[in-house]
Asker: 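One structure, as structure tokens, below. Some questions next.
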Amino acid sequence: MQRRTFINKSSSAALALALAPNFFIQEETEYSILELMGKQDIELYGKDINLRKEAHDAFLEMKKAAYKDGIDLKIVSSFRSYDRQEAIFERKFLKYTDDDGMDPIDAINKIIEYSTIPGTSRHHWGTDIDVVDGYRKVDGDVLVPHKYEGDGPYVDFKNWMDENSETYGFFLVYTNEPKRRGFKYEPWHYSYAPLSIPMLEQFRSKNIASILIREDFYGAENFTMGFLKSYIQNNILDINRNLL
């Protein structure tokens, strides 16, 4: 059976490779389009973790290491089904259009600042997490960038992740690079690269735009092929280069 070796360019992950040469080696697996779009049940592991086995095990190792440094890695969101993503998208679309009176196209563009179109979320794969420091008691929404900067409550968490997460295979997805397009900066969203890289490769090989144009949920009737192709290029593929 052919095997694929993921080689990370960062120094921290390079150290991990040197210490554990099989860490980033994964057997090639075929993923169905239904699985990649979150429309198929997958086996998930861990109470309040809900990740594929390899990602689950790596997260627990990272969590143990963080504990030693006074950080409690707490997952806010991990696996998310197509139906769940559809509910999020429709709720926002109806709020922006019905309650706020926004034009449908403007509403969709507002949604995709942070939320994905159903069927395109990395959370469908069981490899990605939104994570915070559970030791910090924070009022209101915890997934806002300013709480990870300056004197925000999650600065220590962010610094720890910057220094250590790649050693365990977890990479920030939507970075703060000025020229990056698509989804806005998310300092809480990490992806388990040894699994998510091959999954993204297979996802991008599918004709996703032609599938999405036929989907039936609130707002989808406003999609055009041009919009969807731009969305895929900017939002799905313009991410941390180490995850491509």
Side-chain angles (χ1 to χ4, degrees), residues 33-41 50 75-132 138-149 152 172-191 199-200 203-204 206-240:
I33 186 60
L34 293 179
E35 188 174 1
L36 293 170
M37 293 183 69
K39 293 185 175 185
Q40 180 175 308
D41 291 337
N50 294 321
I75 292 178
V76 177
S77 180
S78 51
F79 174 77
R80 195 179 301 149
S81 69
Y82 178 95
D83 289 342
R84 174 60 180 150
Q85 192 65 36
E86 181 182 63
I88 293 171
F89 188 93
E90 289 190 323
R91 173 177 55 80
K92 291 185 176 184
F93 181 80
L94 292 175
K95 177 186 182 301
Y96 293 149
T97 55
D98 291 354
D99 298 345
D100 299 343
M102 293 179 66
D103 177 83
I105 299 301
D106 292 337
I108 292 171
N109 285 327
K110 177 70 173 176
I111 293 170
I112 63 173
E113 289 181 356
Y114 286 107
S115 295
T116 57
I117 291 172
T120 68
S121 176
R122 297 179 64 94
H123 285 287
H124 294 330
W125 302 346
T127 60
D128 284 45
I129 54 175
D130 294 338
V131 59
V132 299
V138 177
D139 294 330
D141 190 353
V142 297
L143 303 184
V144 287
H146 71 82
K147 293 183 178 180
Y148 299 75
E149 304 168 347
L172 191 70
V173 181
Y174 307 115
T175 62
N176 201 24
E177 297 174 9
K179 294 183 179 180
R180 191 181 61 76
R181 299 160 297 177
F183 296 120
K184 291 189 174 182
Y185 173 50
E186 294 189 353
W188 52 82
H189 186 158
Y190 288 80
S191 181
M199 293 184 84
L200 179 59
F203 184 82
R204 67 192 297 183
K206 315 293 184 184
N207 193 353
I208 299 299
S210 67
I211 297 173
L212 295 176
I213 201 80
R214 300 194 299 269
E215 294 294 282
D216 183 21
F217 51 83
Y218 287 120
E221 68 275 10
N222 297 282
F223 294 161
T224 65
M225 287 300 293
F227 165 81
L228 291 172
K229 289 179 179 179
S230 176
Y231 166 81
I232 292 168
Q233 186 63 41
N234 294 335
N235 294 64
I236 306 304
L237 299 179
D238 198 353
I239 58 175
N240 185 339

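FYI, side chains are in, hydrogens and waters are out, and symmetry mates aren't considered; it's all heavy atoms of this structure.
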Asker: Working to the nearest 0.5 Å, report the span between OG1 of Thr224 and CD1 of Ile105.
Answerer: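 It comes to 7.0 Å.
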
Asker: Can you check whether Leu143 reaches Tyr114 side chain to side chain, under 4.5 Å on heavy atoms?
Answerer: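 In short, these two side chains do not touch, never coming nearer than 4.5 Å.
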
Asker: With sequence neighbours left out, write down each residue that passes side chain to side chain donor-acceptor pair (under 3.5 Å) with Ser81, or none if nothing qualifies.
Answerer: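 Side chain to side chain donor-acceptor pair (under 3.5 Å) list for Ser81, sorted by chain: empty.
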
Asker: Check whether any side-chain N or O of His124 sits under 3.5 Å from a backbone N or O of Arg80 as a donor-acceptor pair, and report yes or no.
Answerer: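 It does hold such a pair.
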
Asker: Looking at CZ of Phe217 and CG of Leu212, how far apart are the two atoms once the value is rounded to the nearest 0.5 Å?
Answerer: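 Atom-to-atom, Phe217:CZ and Leu212:CG are 7.0 Å apart.
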
Asker: Would a distance-only check, ignoring hydrogens and angles, find a side-chain to backbone donor-acceptor pair under 3.5 Å from His189 to Asp130?
Answerer: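 Side chain of His189 to backbone of Asp130, a donor-acceptor pair under 3.5 Å: no, none is there.
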
Asker: Nearest heavy-atom pair of Ile232 and Ala209: which atoms, and what distance?
Answerer: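 Here Ile232 and Ala209 meet closest at CD1-N, 3.8 Å.
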
Asker: So, using salt bridge (charged side-chain N to carboxylate O under 4.0 Å, His left out) as the criterion, who are the partners of Glu215 when residues are at least two apart?
Answerer: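 In terms of salt bridge (charged side-chain N to carboxylate O under 4.0 Å, His left out), with neighbours along the sequence ignored, Glu215 is linked to Lys39.
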
Asker: At what distance, to the nearest 0.5 angstrom, does CD1 of Ile112 lie from NZ of Lys92?
Answerer: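 Nearest 0.5 Å value for the CD1-NZ distance: 11.5 Å.
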
Asker: Between Tyr231 and Thr116, is a side-chain contact (heavy atoms from CB on, under 4.5 Å) present by the stated rule, with each step listed?
Answerer: CA-CA 10 Å; Tyr231 166 81; Thr116 57; 3.5 Å; yes

Asker: With side chain to side chain donor-acceptor pair (under 3.5 Å) as the rule and sequence neighbours excluded, what pairs involving residues 97-111 come up?
Answerer: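 Residue pairs with at least one partner in residues 97-111: Lys95-Asp100.
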
Asker: Do Ile111 and Ile88 touch side chain to side chain, with heavy atoms closer than 4.5 Å?
Answerer: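 No, side chains not in contact.
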
Asker: Test of understanding: with salt bridge (charged side-chain N to carboxylate O under 4.0 Å, His left out), list the residues that count as partners of Arg181, not counting sequence neighbours.
Answerer: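 Asp238.
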
Asker: Taking salt bridge (charged side-chain N to carboxylate O under 4.0 Å, His left out) as the test, write out the residues that go with Glu35, two or more places apart.
Answerer: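 Glu35 satisfies salt bridge (charged side-chain N to carboxylate O under 4.0 Å, His left out) with Arg52 only.
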
Asker: Tell me, please, which residues at least two apart from Tyr218 pass ring-ring contact (aromatic ring centres under 6.0 Å, His included).
Answerer: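 So Tyr218 forms no ring-ring contact (aromatic ring centres under 6.0 Å, His included) with any residue.
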
Asker: Take atom NZ of Lys206 as the centre, draw a 6.0 Å sphere, and report whether it contains more than 12 heavy atoms from other residues, nucleotides or ligands.
Answerer: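 Enclosed: over 12 neighbouring heavy atoms sit under 6.0 Å from NZ of Lys206.
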
Asker: Is it true that, when you exclude Asp41 itself, more than 12 heavy atoms of the residues, nucleotides or ligands shown sit nearer than 6.0 Å to its CG?
Answerer: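 At most 12 heavy atoms, drawn from other residues, nucleotides or ligands, come within 6.0 Å of this atom.
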
Asker: Is there a side-chain contact (heavy atoms from CB on, under 4.5 Å) between Leu237 and Leu200 once you walk through the steps?
Answerer: CA-CA 9 Å; Leu237 299 179; Leu200 179 59; 4.1 Å; yes

Asker: For Arg204 and Ile236, run side-chain contact (heavy atoms from CB on, under 4.5 Å): C-alpha distance rounded to whole Å, both residues' side-chain angles, the deciding distance at 0.1 Å, then the answer.
Answerer: CA-CA 9 Å; Arg204 67 192 297 183; Ile236 306 304; over 6 Å; no

Asker: Quick check: do Ile211 and Arg214 have side-chain heavy atoms less than 4.5 Å from each other?
Answerer: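 Counting from C-beta outward, Ile211 and Arg214 do come under 4.5 Å.
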
Asker: What is the distance from atom NZ of Lys147 to atom CG of Asp139, rounded to the nearest 0.5 Å?
Answerer: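 Lys147 atom NZ to Asp139 atom CG measures 7.0 Å (nearest 0.5 Å).
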
Asker: Check for a donor-acceptor pair, side chain of Asn240 on one end and backbone N or O of Leu172 on the other, with a separation under 3.5 Å.
Answerer: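 Confirmed, Asn240 side chain pairs with Leu172 backbone.
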
Asker: Is there a side-chain contact between Tyr190 and Val173 in this structure, where contact means two heavy atoms from C-beta onward sitting under 4.5 Å apart?
Answerer: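 Contact flag for Tyr190/Val173 side chains = no.
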
Asker: Does Ile108 reach the side chain of Phe89, with side-chain heavy atoms less than 4.5 Å apart?
Answerer: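 The answer is yes, as the side chains (C-beta and beyond) meet within the 4.5 Å cut-off.
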
Asker: Is there a side-chain contact between Ile239 and Phe183, using heavy atoms and a 4.5 Å cut-off?
Answerer: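 No; the side chains remain at least 4.5 Å from each other.
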
Asker: Got a second to check how far Asn235's CG is from Ile117's CD1, nearest 0.5 Å?
Answerer: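 So the gap between those two atoms works out to 7.5 Å.
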
Asker: Can you tell me how far OG of Ser77 sits from CZ of Arg84, rounded to the nearest 0.5 angstrom?
Answerer: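 Between Arg84 CZ and Ser77 OG, I get 8.0 Å after rounding to 0.5 Å.
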
Asker: Please report the shortest heavy-atom distance between Pro145 and Pro187, naming the atom on each side.
Answerer: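 Taking every non-hydrogen atom into account, CA-CG, 4.1 Å.
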
Asker: Could you check whether any side-chain heavy atom of Tyr148 comes within less than 4.5 Å of a side-chain heavy atom of Val132, counting everything from C-beta outward?
Answerer: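 Result yes, sub-4.5 Å side-chain heavy-atom pair found.
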
Asker: Looking only at heavy atoms, which two atoms of Ser210 and Met225 are closest? And how far apart?
Answerer: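 That closest heavy-atom pairing would be N-CE, 4.1 Å.
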
Asker: Decide side-chain contact (heavy atoms from CB on, under 4.5 Å) for Arg122 and Tyr174; before the verdict, give the C-alpha distance in whole Å, the side-chain angles of both, and the deciding distance to 0.1 Å.
Answerer: CA-CA 11 Å; Arg122 297 179 64 94; Tyr174 307 115; 3.7 Å; yes

Asker: Identify the heavy atoms of Pro104 and Phe93 that sit nearest to each other, and give their distance.
Answerer: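 Closest pair (atom of Pro104, atom of Phe93, distance): O-CE1, 3.8 Å.
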
Asker: Less than 4.5 Å apart, any side-chain heavy atom of Trp188 and any of Val142?
Answerer: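 They are not in contact (no side-chain heavy atoms under 4.5 Å apart), so the answer is no.
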
